[in-house]
Amino acid sequence: MGKATREAYGEALAELVAENKKIVVLDADLAGSTKTANAKKVAPERFFDMGIAEADMIGHAAGFATSGFIPFASSFSMFCTGRAWEQIRNSVAYPHLNVKVCGTHAGITVGEDGVSHQAIEDIALMRVIPGMEVYVPCDASETKAVIKHVANTNKPCYVRLGRSSIEDVYPEDTEFNFDHVNVLRGGKDAVIFACGLMVQSALAAAKKLAQEGKEVSVVDVCAIKPTNEDEIAEILSQYDVVFTAEEHNVIGGLGGLICEIAADKCPKKIHRIGIQDTYAESGDANKLMAKYKLDGDGVYEQVKAVL
């Protein structure tokens, strides 16, 4: 088992703070959970605990950006995208400020913290904002690459991170190019576009299906926005059976993205695996993933039912 993407975020941020004096870190009284405490240890003079006040945190981040700094603002995904949505839209995205919003504890794998903390709308909320870039890494290596990438974009960005430890998909020395999607497994019978920890679920499902003679391709779509639409359309053109998989509402997230690309460039029926426009509940993260058919077995069952 690898580490949680939030842990990889903390490690990458600490490295960046040491390298670049322009990077400042803001947190909403959750530094131990978001792992921004790692950066505080390296450069306490560039770490700011804003208290339980995400909207205020984003306003300060915008101010830092207008002064030439590169602010990383962190909280749980539910609160930094939901509570502070207006500030992100009006104070960051509209004036095109270089602010990085990094939300941890996304999706239902927050588990026992319950529905109030389970962000299943955050990808949709962020990708609808003009000019906002959105990234959903699937493991530690991809997370570290994403954090280094957004630090150099000079654009407003949202990075979605998780609470739970997850299996590694990529070796530590992987070189990433976020202008492209990554085809992790080839197959002729169907394709699954996945993001975040659903990449691991999709790979587990594909492995199980292969034992039954069904070959399913798995595509990691880390860069939700901007994404390589032509590349995705080319993949879509090769399959009659297409799935998306995300730990998010099936409305407005990765499934919405792939449906939009299909509608514009390559009409297909898209089967969207995710939270089916409902809320989960408080409970063990693994049990919730199983109940909502988002673990490997659940994805396997849904794909097999269509095939």
Under 4.5 Å between side-chain heavy atoms, counting indirect links through other Ile/Leu/Val/Met/Phe/Trp/Tyr residues: same cluster for [X] and [Y] or not?
X: F193; Y: Y239; result: yes
X: I52; Y: M57; result: no
X: Y279; Y: L294; result: yes
X: V219; Y: V136; result: yes
X: L307; Y: I235; result: no

Salt-bridge criterion met for [X] and [Y] (N-O under 4.0 Å):
X: R160; Y: E246; answer: no
X: D49; Y: K40; answer: no
X: K144; Y: E172; answer: no

Residue pair [X] / [Y], side-chain heavy-atom distance below 4.5 Å:
X: V159; Y: P137; value: yes
X: R272; Y: I258; value: no
X: R163; Y: D113; value: yes
X: T66; Y: L97; value: yes
X: E121; Y: M78; value: yes
X: E247; Y: L197; value: yes
X: V299; Y: M198; value: yes
X: D240; Y: K268; value: yes

Quick check for you: to the nearest 0.5 Å, what is the distance between [X] atom [atom1] and [Y] atom [atom2]?
X: I58; Y: M50; atom1: CD1; atom2: CE; value: 10.0 Å
X: T104; Y: E7; atom1: OG1; atom2: CD; value: 11.0 Å
X: E54; Y: L26; atom1: CD; atom2: CG; value: 11.5 Å
X: D139; Y: T174; atom1: CG; atom2: OG1; value: 8.0 Å
X: I192; Y: H271; atom1: CD1; atom2: NE2; value: 11.5 Å
X: E133; Y: I224; atom1: CD; atom2: CD1; value: 12.5 Å

How close do [X] and [Y] get, heavy atom to heavy atom, and via which atoms?
X: G296; Y: A204; result: CA-CB, 3.9 Å
X: T109; Y: A285; result: O-CB, 3.6 Å
X: D220; Y: C138; result: OD2-SG, 4.0 Å
X: G111; Y: L288; result: CA-CD1, 3.9 Å
X: D189; Y: G213; result: OD2-O, 4.0 Å
X: S217; Y: G187; result: CB-N, 3.7 Å

Got a donor-acceptor contact below 3.5 angstrom from the [X] side chain to the [Y] backbone?
X: Q200; Y: I166; value: no
X: D284; Y: N286; value: yes
X: R6; Y: L161; value: no
X: K214; Y: A190; value: no

Would the number of heavy atoms belonging to other residues, nucleotides or ligands and lying under 6.0 Å from [atom1] of [X] be above 12?
X: E167; atom1: CD; answer: no
X: K225; atom1: NZ; answer: yes
X: K304; atom1: NZ; answer: no
X: R185; atom1: CZ; answer: yes

Return the orientation label for the [X] and [Y] ring planes: parallel under 30°, perpendicular over 60°, tilted otherwise.
X: F178; Y: H149; answer: tilted
X: H105; Y: F76; answer: parallel
X: F176; Y: Y170; answer: perpendicular

Using the rule given for side chain to side chain contact (heavy atoms under 4.5 Å, CB included), can you reason through Y158 versus D122, listing the C-alpha separation, both sets of side-chain angles and the distance that settles it, and then say yes or no?
CA-CA 9 Å; Y158 172 61; D122 54 311; 2.6 Å; yes
Among K35, K41, K148, K3, whose salt bridge (Lys or Arg N to Asp or Glu O under 4.0 Å) with E11 holds?
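Considering K35, K41, K148, K3, a salt bridge (Lys or Arg N to Asp or Glu O under 4.0 Å) with E11 is found only for K3.
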Could you walk me through whether T153 and K100 satisfy the side chain to side chain contact (heavy atoms under 4.5 Å, CB included) test, starting with their C-alpha distance in whole Å, then the side-chain angles of each, then the deciding distance to 0.1 Å, before giving a yes or no?
CA-CA 10 Å; T153 61; K100 318 304 173 185; 2.9 Å; yes
The criterion is salt bridge (charged side-chain N to carboxylate O under 4.0 Å, His left out); which residues satisfy it with K22, sequence neighbours excluded?
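K22 satisfies salt bridge (charged side-chain N to carboxylate O under 4.0 Å, His left out) with no residue once adjacent residues are dropped.
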With V24, the side-chain contact (heavy atoms from CB on, under 4.5 Å) member among F69, F72, F47:
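The side-chain contact (heavy atoms from CB on, under 4.5 Å) with V24 is passed solely by F69 among F69, F72, F47.
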If you apply the rule side chain to side chain contact (heavy atoms under 4.5 Å, CB included), what do you find for V146 with Y9, and how did you get there?
CA-CA 9 Å; V146 163; Y9 166 54; over 6 Å; no
Decide side chain to side chain contact (heavy atoms under 4.5 Å, CB included) for K21 and R46; before the verdict, give the C-alpha distance in whole Å, the side-chain angles of both, and the deciding distance to 0.1 Å.
CA-CA 8 Å; K21 303 300 183 184; R46 284 182 279 128; 3.6 Å; yes
